[in-house]
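Working notes for the structure below.
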Amino acid sequence: RALATLLSQTCPDPYDASLGLWELLLNAVEHGNLGLSYEEKGRLLKERRLDQEIQSRLSDPRYAHRQVEVTFQRLGPSLVFLITDEGEGFDWTRYLDLDPERAFHAHGRGIAMARHLCFTQVTYRGRGNSVEAVLLLPPSAG
């Protein structure tokens, strides 16, 4: 959360940027590096055991060494954030938009929120373990 807040200070609307970055970073850690599936997260949230499982996986030798890399740069009129995890990747296409079938789930909206509310563009690369979030700056921000 602290990293999302720090990076968001470079943006015209830090609150929205922080929300979007937090969602993408959380996705990279939970689903990417720690290998939690959508279904597992839903079950763990229902059982109120998500935090416990995250702590367990953070100390598990299969996951403990994994890191998330974040790069940030200004390219012309845009801010570009690249977030890459060491996970297996996933089918991100299901999560780009809000899905009515998942509307009442306790999770599963972060990527769509980042894409539609926080950034100009959100693009996944390769196998889905790398995401680029682009924010087009207003002309007065130059």
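The closest side-chain heavy-atom distance from T123 to V134 is not below 4.5 Å. V70 has its side chain out of reach of L21: every pair of non-hydrogen atoms, C-beta onward, lies at least 4.5 Å apart. No side-chain heavy atom of Q52 sits under 4.5 Å from any side-chain heavy atom of L44.
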Worked verdict on F90 versus Y38 for side chain to side chain contact (heavy atoms under 4.5 Å, CB included): CA-CA 10 Å; F90 72 114; Y38 182 88; over 6 Å; no

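Within a 6.0 Å sphere centred on OH of Y15, other residues, nucleotides and ligands contribute 12 heavy atoms or fewer.
Partner of V68 under the side-chain contact (heavy atoms from CB on, under 4.5 Å) criterion, chosen from N129, L24, I83, N27: I83.
Under a hydrophobic clustering in which Ile, Leu, Val, Met, Phe, Trp and Tyr are joined whenever their side-chain heavy atoms come within less than 4.5 Å, directly or via other members, M113 and V122 fall into different clusters.
In summary, E53 and R43 do not engage in a salt bridge, as defined by a charged side-chain N under 4.0 Å from a carboxylate O.
W22 and A4 get closest at one heavy-atom pair: N-CB, 3.7 Å. Residues Q9 and P14 come closest through the heavy atom pair NE2-CB, 3.8 Å. Pairing each heavy atom of E30 with each of I54, the nearest pair is OE2-CD1, 3.5 Å.
Side-chain N or O atoms of E86 include one that pairs as donor or acceptor with a backbone N or O of Q67 at under 3.5 Å. R127 places a side-chain N or O within donor-acceptor distance of the main-chain N or O of E88, the cut-off being under 3.5 Å. The backbone N or O of G42 sits less than 3.5 Å from a side-chain atom of H107, completing a donor-acceptor pair. A donor-acceptor distance shorter than 3.5 angstrom exists from the side chain of R74 to the backbone of G76, with no hydrogens or angles considered. Looking only at distances, a side-chain donor or acceptor of T5 sits under 3.5 Å from a matching main-chain atom of R1.
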